[in-house]
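Worksheet: the structure to be examined is printed underneath.
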Amino acid sequence: MESSVCPFCHLSVPSSELQWHANSHFEDEDKEANDMELGNQIQIASSSGSTDVVSISSLIGLQTRSNFYHVKDGLISLLRNCLELEARHNSSVTILSGYVDHFQSLPSVDVGWGCGWRNIQMLSSHLLAHRKEARKVLFGESGFVPDIAFLQRWLEIAWESGFDPPGAQHFNCKIYGTNHRIGTTECASLFRSFGLRARVVDFGPKESELLYLSVPGSTLGQPVKQRNAVRVSGPMDKYVHRQQGLSKGRHFCHSLHNGKSDNSKGKSEGPQVLIDWVWNYFSDKGLTISGSSQVVVSGRAPLYFQHDGHSRTIIGIQVKHQKNGTNQFNLLILDPSDVSTTHGTVALERSLKTNVGWQKLIKRGVHTLKKPQYQLCYIDPGIASGEELNELKTINSIFFEL
């Protein structure tokens with residue numbers, strides 16, 4: 001692959017990426033100026049004891065568009081083309097979310113801690129492209145996805161507005177300008193503060209269920225003793241708890257069992273529980289896995305996908321019908337910090353356009369789900385207001401046993 005030297009930083013980059021890379025230097029200058037102005041306002045307001053550190057109107061005026069590599073034809077469109085070509089040679093059904101931009105962690109910016117923010121950016125790109133009601137409320141109707149610094153400030157405003165009090169307390173209501181890792185509850189809190197109906201789902205062993213009942217002040221009654229359980233990465237995930245009277249999630253996946261899954265025991269167990277849930281989510285229980293091969297674009301938004309140490313974005317799911325009668329499932333995932341590629345989005349775009357090697361970058365089978373606990377965040381349609389918006393300030397979860 002041909003490479004060129006950036007005239008500004010003298011870094012060797014792929015020739016196809018040179019223009020985007022060079023332009024980013026000027027965008028960084030604008031961001032630095034805005035970040036400095038925002039930082040000054042925060043410092044002044046904090047010293048004056050103001051509870052509303054920076055007014056929302058000021059934030060809207062200062063926020064800048066996040067820098068990312070724009071795929072001209074759209075990643076989902078390219079992926080759909082590859083999946084349709086693949087379906088000619090096997091019996092499979094694939095469900096995709098709509099348009100999504102890929103936001104990758106950048107060296108010297110957020111590598112090692114920014115995956116949660118990047119996944120929020122990916123979800124935001126979809127919501128801004130597909131949901132008119134979301135465009136009217138997200139980020140002050142800016143119409144674009146802000147960079148991490150301004151997402152951090154939006155999260156602080158969510159905390160100041162009363163969303164996820166335990167999370168706010170954990171971070172002391174301060175996250176702007178830090179490299180703190182975030183998790184599913186921070187994702188939900190940020191989106192809920194705009195009135196979006198962000199929901200959290202937990203998957204784990206039976207003993208970890210009590211982890212979500214051990215929150216002081218839980219509406220389930222007196223706090224119970226927390227059993228040993230592997231804590232899902234993302235600092236606030238341990239604060240997730242369930243609504244009063246909410247029974248353990250019962251899982252129905254009739255559409256999945258027209259054929260046998262890889263786990264052919266009748267009842268879904270282990271990682272297959274998560275797989276079944278994702279299938280039912282994207283299909284909205286309206287698509288069966290039987291019939292001819294097809295690739296379908298769902299009306300559902302992508303999923304924020306958290307596990308111990310990392311988070312990614314699920315953009316769809318595929319089932320292949322095996323000759324022995326079983327079904328092989330693959331999650332379709334965008335990773336903000338995929339170490340298997342040197343140039344991130346550029347390499348992903350190239351593999352999709354050439355239909356070479358994209359499977360190893362996007363597909364993740366059931367056998368890869370080896371973590372003991374997982375969390376998902378999904379966003380239902382519509383905008384909450386009044387009492388419903390007030391109820392969203394408490395982050396609740398539905399629990400499924402793996």
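Nearest heavy atoms, L123 versus L303: CD1-C, 4.3 Å. H321 and N327 get closest at one heavy-atom pair: ND1-OD1, 3.1 Å. Taking all atoms of both residues into account, the shortest heavy-atom contact from T184 to C377 is CG2-CB, 3.6 Å. Residues D164 and W159 approach most closely at O-CD1, 4.1 Å, considering heavy atoms. When all heavy atoms of A198 and F191 are compared, the pair lying nearest together is CB-CB, 4.1 Å. Across all non-hydrogen atoms, the minimal contact from F282 to S97 is CE2-CB, 4.0 Å.
Looking at residues two or more places apart in sequence or on another chain, you find a side chain to side chain contact (heavy atoms under 4.5 Å, CB included) between K136 and K132. Here E133 pairs with nothing under the side-chain hydrogen bond (donor to acceptor under 3.5 Å, both in side chains) rule; sequence neighbours left out. In this view, S161 and I157, F163 satisfy the side chain to side chain contact (heavy atoms under 4.5 Å, CB included) rule, not counting sequence neighbours. For N90, the side-chain hydrogen bond (donor to acceptor under 3.5 Å, both in side chains) partners two or more places apart in sequence, or in a different chain, are S92. Partners of E86 according to the side-chain hydrogen bond (donor to acceptor under 3.5 Å, both in side chains) rule, which considers only residues two or more places apart in sequence or in another chain, are Q318, K363. For E391, the side chain to side chain contact (heavy atoms under 4.5 Å, CB included) partners two or more places apart in sequence, or in a different chain, are E387. For F305, the ring-ring contact (aromatic ring centres under 6.0 Å, His included) criterion is met by Y374, not counting sequence neighbours. Here L128 pairs with R135, L138, V145 under the side chain to side chain contact (heavy atoms under 4.5 Å, CB included) rule; sequence neighbours left out. With sequence neighbours left out, the side-chain hydrogen bond (donor to acceptor under 3.5 Å, both in side chains) criterion links R300 to D284, D380.
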> How far apart are the C-alpha atoms of L83 and L96, what are their side-chain angles, what is the distance that settles it, and do they pass the side-chain contact (heavy atoms from CB on, under 4.5 Å) test?
Replying inline: CA-CA 10 Å; L83 288 164; L96 294 171; 4.0 Å; yes
>> Before you tell me yes or no, could you show the steps for L274 and L331 under side-chain contact (heavy atoms from CB on, under 4.5 Å), namely the whole-Å CA-CA distance, both residues' side-chain angles and the distance that decides it to 0.1 Å?
In response: CA-CA 10 Å; L274 188 152; L331 296 177; 4.3 Å; yes
>> The test is side-chain contact (heavy atoms from CB on, under 4.5 Å); show your working for L369 and L402 and say whether it passes.
In response: CA-CA 11 Å; L369 301 177; L402 290 181; over 6 Å; no
>> Would F68 and S125 count as a side-chain contact (heavy atoms from CB on, under 4.5 Å) here? Give the steps.
In response: CA-CA 11 Å; F68 70 99; S125 72; over 6 Å; no
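A 4.5 Å side-chain heavy-atom check between W154 and F194 finds at least one atom pair inside the cut-off. You'll find the side chain of L376 reaches within 4.5 Å of the side chain of V278, heavy atoms only. The closest side-chain heavy-atom distance from H102 to V71 is not below 4.5 Å. In this structure, V366 and Q272 have side chains that are in contact, with non-hydrogen atoms separated by less than 4.5 Å. Looking at L59 and S57, their side chains never come closer than 4.5 Å, going by heavy atoms from C-beta outward. Counting heavy atoms from C-beta on, the side chains of I314 and L332 never come closer than 4.5 Å.
Between the side chain of N172 and the backbone N or O of K174 there is no donor-acceptor pair closer than 3.5 Å. Of the possible polar contacts, one joining the E156 side chain to the I175 backbone as a donor-acceptor pair under 3.5 Å is found. Without hydrogens or angle criteria, Q104 side chain to T345 main chain gives a donor-acceptor distance under 3.5 Å. The closest donor-acceptor contact from the side chain of S142 to the backbone of F139 lies under 3.5 Å. Judged by distance alone, with hydrogens and angles left aside, the side-chain atoms of S283 form a donor-acceptor pair with the main-chain N or O of W279 at under 3.5 Å.
Residue pairs meeting the side-chain hydrogen bond (donor to acceptor under 3.5 Å, both in side chains) criterion with at least one member in residues 105-121, sequence neighbours excluded: S66-Q121, S105-D110, D110-R118, R118-Q121, N119-S311, N119-T313. Within the structure, the salt bridge (charged side-chain N to carboxylate O under 4.0 Å, His left out) test picks out no pair touching residues 120-129 (sequence neighbours left out). Within the structure, ring pair (Phe, Tyr, Trp, His ring centres under 6.0 Å) contacts touching residues 375-396 (residues at least two apart or in different chains) are W277-Y378, Y281-Y378.
A distance of 10.5 Å separates CH2 in W358 from CG in N81, rounded to the nearest 0.5 Å. Atom CD1 of I395 is separated from atom CZ of R192 by 4.0 Å, given to the nearest 0.5 angstrom. The distance from the CG atom of L78 to the CG atom of D73 is 5.0 Å, given to the nearest 0.5 Å. The structure places CG of L196 at 10.0 Å from CG of L389, a figure rounded to the nearest 0.5 Å. In this structure, CG in L190 is found 11.5 Å from CZ in R153, a value given to the nearest 0.5 Å. Taken from CG in D308 to CD in Q375, the straight-line distance is 11.0 Å, to the nearest 0.5 Å.
Partner of V319 under the side-chain contact (heavy atoms from CB on, under 4.5 Å) criterion, out of T94, I275, V93: V93 alone.
Between H126 and H130, the angle of the ring planes stays under 30°, which puts this pair in the parallel group of the 30/60° scheme.
Ion pair E84/R88 not flagged as a salt bridge, since none of the NZ, NE, NH1 or NH2 atoms sits closer than 4.0 Å to an Asp/Glu carboxylate oxygen. In summary, E349 and K72 do not engage in a salt bridge, as defined by a charged side-chain N under 4.0 Å from a carboxylate O.
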